[in-house]
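Indexing begins at 1, ligand by ligand and atom by atom, following the structure's order.
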Amino acid sequence: MHLPDLNIAKKREKRENIYIELKEDIKKVFTNKKYFLRTYGCQMNVHDSEEIRSYLERLGLEETLNIEEANVIVLNTCAIRENARDKVIGFLGKCHYLKKNHNDVFIVLAGCMCEQPDFVKLIQEKYSFVDLLIGTHNIQDLPHLLTTKFKEQEIEVYSESDEVIEGIQYKRDSKYTAWINIMYGCDKFCTYCIVPYTRGRERSRQKDKIIKEVEELIKEGYKEVTLLGQNVNAYGKDIGEKFSDLLESVAKTGIERIRFVTSHPWNFTDEMIDVISKYKNIMPYIHLPIQSGSNEILKRMNRRYTKEEYLELFHKIKEKIPNVSITTDIIVGFPNETREDFEETLDVVKTCEFDGAYTFIFSPREGTPAARMEDKVSMEEKEKRLYELNELVNYYSNKSNQKLLNKEVEVLVLGESEKDNTKVYGYTDTMKLVNIEGDNIKDTIGKIIKVKITDAKSFSLDGVVVK
Ligand code: SAH
Ligand code: SF4
Ligand code: F3S
């Protein structure tokens, strides 16, 4: 496809509001063109994809779920673990095939991997059919690059310094629940983690801009917002604000449900606990990654807390926030993790009885300190530990779900159930997934309704509408 230049009016100096103005000849170029977008990774990336979608559609492209008919293929990548890279490389094989068979297709790689120098090098050397790599810092340049740079048919890498951009438009996946970035980046430098390298330093958005975004979402009919940050509760440190104050201001907007992820134990304050217990519209659900139960491992991970400090915080939250559910992340097989270290992790799981946990085998990420640590533990042993841990974790999430059997809960209904379209699905205030039956059930989509739980499994609940 021939791509003429695009007239984009951008207030580049402050990068507030990205205006896109299409000249008539550009409209023609993208009319009847389709894009295919796939997203890997965390909520940050899912939300970034909502931004990417907004740009592509404002250019005039239409989404397709069939990759074979796409003219622009965008893969939003994640770099958190090694198998993520394998997935992308596999996907690129498919792209190469498509590109060979019809010329009219552009391949764009976005997301965290594009901030990893070794990945960029790999793509340039071995997968040079890729048209564009765009990092996490400059998604805003996508419309411009799509229309001007592609003509040159060579890989261009764009990555700019850290900055906070306001006025971003999103094509949100849901009409009822919305992600809101309140800060970008991470300064924690846990020794295993790639995120500080792919997302840059911690930087917060202005409180009034966030509140304005919430107010606009309320006007559009949104019932729920989830405040996003790699360490969401480190919000404000760079601009003299506090996360607890922001949370309170968001609660006062009157939006029906507020969530926030991910909280770092090190930044969890008593003021936060006070605000959460004071406002009914702040959901009693906290994702609080522990990573390991061994102090030796926590220290080598640079997590900045001990097992005892974590447990103290955990019990304080449980005591002060009625009905709270707490989930966590755990890594097994950190370099030289001993059987005793691992058993301490199991002990913590038994003490906390988490409502749920995401568990991972340590994956060395190039450029991080942990990737250079000596590791004598075999992969076979790590897999065994993961299996053992999962058994325990599932036991407790099942136990926590069983407690809801025959109880009435409030659910925000988000859409039709994936497996059974005679049902709808939604989440309880404690973030448990419920599949719901009832008369005229589709009419409940977008509403907060009372549901009686009829069955409880490890990963979901079944329920019926309460009249
Ligand atoms: N900012 C959040 C989570 C970021 S990534 C936090 O600090 O809790 C999500 C999870 O992926 C982490 O909590 C961790 O459990 C896991 N993870 C991150 N890097 C990893 C690695 N190199 N190997 C295995 N798991 C990892
Ligand atoms: Fe990674 Fe640690 Fe930052 Fe979380 S807090 S994103 S695990 S460096
Ligand atoms: Fe992955 Fe980047 Fe998120 S590495 S987990 S997409 S911040």
Side-chain angles (χ1 to χ4, degrees), residues 38-49 51-52 75-85 87-88 109-116 119 135-137 139 179 181-203 227-235 237 260-268 286-293 297-298 300-305 310 326-335 337 345 354 356-373 375 377 379 382-383 385-386 389 393:
R38 176 163 295 170
T39 310
Y40 295 119
C42 65
Q43 290 93 343
M44 305 285 156
N45 257 20
V46 172
H47 193 36
D48 287 349
S49 282
E51 182 180 349
I52 292 173
L75 193 59
N76 197 2
T77 63
C78 165
I80 201 85
R81 282 170 291 274
E82 187 60 29
N83 62 359
R85 184 170 295 196
K87 271 198 227 163
V88 169
L109 292 180
C112 285
M113 275 187 186
C114 302
E115 299 286 347
Q116 290 184 288
F119 179 75
T136 57
H137 296 296
I139 300 171
W179 306 109
N181 269 331
I182 63 164
M183 61 180 301
Y184 300 90
C186 180
D187 282 354
K188 291 285 189 293
F189 287 95
C190 301
T191 53
Y192 51 82
C193 186
I194 197 76
V195 172
Y197 307 89
T198 64
R199 296 259 165 189
R201 298 288 62 71
E202 270 175 19
R203 52 216 190 270
L227 311 180
L228 279 184
Q230 282 300 348
N231 287 292
V232 77
N233 52 339
Y235 170 82
K237 288 200 176 324
F260 51 93
V261 280
T262 291
S263 297
H264 193 292
W266 199 70
N267 293 108
F268 216 102
I286 289 159
H287 185 58
L288 197 67
I290 181 163
Q291 312 299 1
S292 169
I297 298 289
L298 286 171
R300 284 202 280 123
M301 285 178 163
N302 190 31
R303 283 297 287 183
R304 306 166 186 226
Y305 52 82
Y310 182 94
I326 302 181
T327 56
T328 200
D329 291 347
I330 298 168
I331 296 176
V332 299
F334 189 78
E337 179 192 62
T345 299
F354 292 108
Y358 298 97
T359 58
F360 312 98
I361 290 181
F362 166 73
S363 173
R365 309 314 294 129
E366 198 171 311
T368 64
R372 296 188 294 271
M373 291 178 189
D375 190 2
V377 192
M379 190 41 96
K382 293 185 185 197
E383 279 166 2
R385 287 180 196 172
L386 180 70
L389 174 66
V393 159

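- Between Met113 and ligand 3 there is no heavy-atom distance shorter than 4.0 Å.
- Annotation for ligand 2: atoms under 4.0 Å from non-hydrogen atoms of Lys188 are 3 (Fe), 5 (S).
- Of all atoms in ligand 3, listed by their number and element, those nearer than 4.0 Å to a heavy atom of Asn45 are 6 (S).
- Salt-bridge check for Asp187 with Arg203: failed, with every basic side-chain N at 4.0 Å or more from each acidic carboxylate O.
- Taking every heavy atom of Cys112 and a limit of under 4.0 angstrom, the matching atoms of ligand 3 come to 2 (Fe), 4 (S), 6 (S), 7 (S).
- In this structure, Gln230 CD and Cys42 SG are separated by 5.0 Å, a value rounded to the nearest 0.5 Å.
- A side-chain hydrogen bond (donor to acceptor under 3.5 Å, both in side chains) with Tyr192 holds for exactly one of Arg365, Gln291, Arg300; it is Gln291.
- The His264 neighbourhood of ligand 2 comprises atoms 5 (S), with distances under 4.0 Å to a heavy atom of that residue.
- At least one heavy atom of Ala79 sits less than 4.0 Å from an atom of ligand 3.
- Shortest contact from atom 7 (S) of ligand 3 to any protein heavy atom: Gln230 NE2, 3.1 Å.
- The single protein non-hydrogen atom nearest to atom 10 (C) of ligand 1 is Asp329 OD2, 3.4 Å, given as residue, atom name and distance.
- Taking CZ from Phe334 and OG1 from Thr345, the interatomic distance works out to 12.0 Å, rounded to the nearest 0.5 Å.
- Nearest heavy atoms, Cys112 versus Thr136: N-CG2, 3.7 Å.
- Residue Ile80 places a heavy atom under 4.0 Å from ligand 1.
- With values rounded to the nearest 0.5 angstrom, Ile361 atom CD1 is found 13.5 Å from Ile330 atom CD1.
- With a cut-off of 2.8 Å, atom 3 (Fe) of ligand 2 has an N, O or S atom of Cys186 in range.
- Closest approach of Asn76 and Asp48 over heavy atoms only: ND2-CB, 3.9 Å.
- In summary, the side chains of Lys188 and Asn267 do present a donor paired with an acceptor at a separation below 3.5 Å, with no hydrogens or angles considered.
- The Asn231 neighbourhood of ligand 2 comprises atoms 3 (Fe), 5 (S), with distances under 4.0 Å to a heavy atom of that residue.
- From His47, atom NE2 reaches atom CD1 of Ile52 across 11.5 Å, with rounding to the nearest 0.5 Å.
- Shortest contact from atom 22 (N) of ligand 1 to any protein heavy atom: Ser363 O, 2.8 Å.
- The contact set between ligand 1 and Ile361, taken as ligand atoms under 4.0 Å from a residue heavy atom, comprises 23 (N), 24 (C).
- Shown in contact with Phe362 at under 4.0 Å from a heavy atom are these atoms of ligand 1, numbered in order with element: 23 (N), 24 (C).
- Those atoms of ligand 1 with a heavy atom of Arg303 less than 4.0 angstrom away are 7 (O).
- Among the atoms of Tyr192, some N or O lies under 3.5 angstrom from an N or O of ligand 1.
- Within the 4.0 Å heavy-atom criterion, the part of Arg365 lying near ligand 1 is the side chain and not the backbone.
- For a distance bound of 2.8 Å, the N, O or S atoms of Cys190 include none lying that close to atom 1 (Fe) of ligand 2.
- The nearest protein atom to atom 4 (Fe) of ligand 2, hydrogens excluded, is given as Arg303 NH1, 4.3 Å; this is a heavy-atom distance.
- In plain terms, the two heavy atoms of Val393 and Ala357 that are nearest each other are CG1-CB, 3.7 Å.
- Annotation: Tyr358 is in aromatic contact with His287 [ring centroid separation under 6.0 Å].
- The residue from Arg199, Lys188, Met44, Arg81 that puts a heavy atom closest to atom 26 (C) of ligand 1 is Arg81.
- In this structure, Asp375 contributes its side chain and Val377 its backbone to a donor-acceptor pair below 3.5 Å.
- When the shell of 6.0 Å around CD of Glu82 is examined, it contains more than 12 heavy atoms from other residues, nucleotides or ligands.
- Protein heavy atom closest to atom 1 (Fe) of ligand 2, with residue, atom name and distance, is Cys193 SG, 2.3 Å.
- Residue Arg199 holds its CZ atom at 11.5 Å from SG of Cys186, rounded to the nearest 0.5 Å.
- The contact set between ligand 2 and Phe189, taken as ligand atoms under 4.0 Å from a residue heavy atom, comprises 8 (S).
- Between the side chain of Thr328 and the main chain of Leu288, a donor-acceptor pair closer than 3.5 Å is present.
- Atoms of ligand 3 found under 4.0 Å from any heavy atom of Cys78 (numbered from 1 in listed order, with element): 1 (Fe), 4 (S), 5 (S), 6 (S).
- Heavy-atom proximity to Cys42, at under 4.0 Å, picks out these atoms of ligand 3: 3 (Fe), 5 (S), 6 (S), 7 (S).
- From the protein, the heavy atom lying nearest to atom 1 (N) of ligand 1 is Gln230 O, 2.7 Å.
- Close N/O approach between His264 and ligand 1 is not found [any backbone or side-chain N/O within under 3.5 Å].
- Cys78 and Asn45 get closest at one heavy-atom pair: N-ND2, 4.1 Å.
- Atom numbering of ligand 2 starts at 1 in the shown order; those under 4.0 Å from a heavy atom of Val195 are 6 (S).
- Contact annotation for Gln291 and ligand 1: only side-chain heavy atoms (C-beta onward) come within less than 4.0 Å of the ligand.
- By the 4.0 Å N-to-carboxylate-O rule, Lys382 lies too far from Glu337 to be salt-bridged with it.
- Which parts of ligand 2 touch Pro196 is read off a 4.0 Å heavy-atom cut-off, strictly below it: atoms 8 (S).
- In the vicinity of Gln230, heavy-atom distances shorter than 4.0 Å reach the ligand 2 atoms 6 (S).
- To the nearest 0.5 Å, atom NZ of residue Lys87 and atom OH of residue Tyr40 are 6.0 Å apart.
- With a 4.0 Å cut-off on non-hydrogen atoms, Met301 does not touch ligand 1 at all.
- A donor-acceptor pair is defined here as one N or O able to donate and one able to accept, closer than 3.5 Å; such a pair exists between the side chain of Tyr305 and the backbone of Ile290.
- Near Tyr192, meaning under 4.0 Å from any of its heavy atoms, are these atoms of ligand 2: 7 (S).
- Taking every non-hydrogen atom of Pro289 and a distance limit under 4.0 Å, the qualifying atoms of ligand 1 come out as 8 (O).
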